[in-house]
Amino acid sequence: ADDYYGPNEPLRADLSANGNTWKPIHRLARGNDLQIDVKTGALQRSYPPRIAADGEGNAVFDITGGAGYVPVTVTNLRTPRGHTVACDGKPVDQSRHGNDFWQTDYDAATGTWSQTYNVSLDTADDTPILRHFSLAARRAGE
């Protein structure tokens, strides 16, 4: 715990209480047993979450649970630009030097793009909560 320098307070508390034991790994395994409900798009993988957007480039899904930062990937995007991501109705923006909170990848086999966002799913007391995510393609003129 003394060597941890990051901003994750639940992790810091767990390391202080349980460092050098199996308990921190158990906390992550239990916490990252995610429950995912896809409303728009299709679930491709549960962990780390991978959701295929619909044909219009939209994805809407709920995630319950999570510990620490979790990479969430949305695939089947027609373009690498022009998407807005929200969690519980608030824009996801962790940028420090531009758009450095996401990663974009091209799939040459399908001609589509994917974007991966690192989102914090921690809670102060490790109680799983439901979070509502949406990725929408910006329309022309927006």
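One finds the CD atom of E56 at 11.5 Å from the OG1 atom of T40 (value rounded to the nearest 0.5 Å). Note that CG of N76 is 12.5 Å distant from CD1 of I51, once rounded to the nearest 0.5 Å. One distance of note links OG of S114 with CD of Q103; it measures 7.5 Å at 0.5 Å rounding. Taken to the nearest 0.5 Å, the OH atom of Y106 stands 11.0 Å off from the OG1 atom of T79. Within the model, atoms NE2 of H83 and OH of Y117 stand 7.0 Å from one another, a figure rounded to the nearest 0.5 Å. Within the model, atoms CZ of F61 and CG of L43 stand 10.0 Å from one another, a figure rounded to the nearest 0.5 Å.
With L34 as the partner, the side chain to side chain contact (heavy atoms under 4.5 Å, CB included) test is satisfied by one option alone out of P49, P48, P128: P49.
Annotation for L15: hydrophobic cluster partners, listed by chain and number, are Y4, L11 (ILVMFWY side-chain heavy atoms under 4.5 Å, direct or chained).
With sequence neighbours left out, D37 forms a side-chain hydrogen bond (donor to acceptor under 3.5 Å, both in side chains) with K39.
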Assess the residue pair H132 and D62 against the criterion (side chain to side chain donor-acceptor pair (under 3.5 Å)); give the C-alpha distance rounded to whole Å, side-chain angles, the decisive distance to 0.1 Å, and a yes or no. CA-CA 4 Å; H132 179 75; D62 295 334; 2.7 Å; yes
For the pair I63 and V119, evaluate side-chain contact (heavy atoms from CB on, under 4.5 Å) and give the outcome as yes or no after the intermediate values. CA-CA 11 Å; I63 297 178; V119 294; 5.9 Å; no
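Crowding of D125 atom CG: a count of heavy atoms from other residues, nucleotides or ligands under 6.0 Å exceeding 12.
V60 and I36 end up in different hydrophobic clusters when Ile, Leu, Val, Met, Phe, Trp and Tyr side chains are linked at under 4.5 Å.
Sorted by first and then second residue, the pairs that involve residues 21-36 and meet salt bridge (charged side-chain N to carboxylate O under 4.0 Å, His left out), not counting sequence neighbours, are R27-D122, R27-D126.
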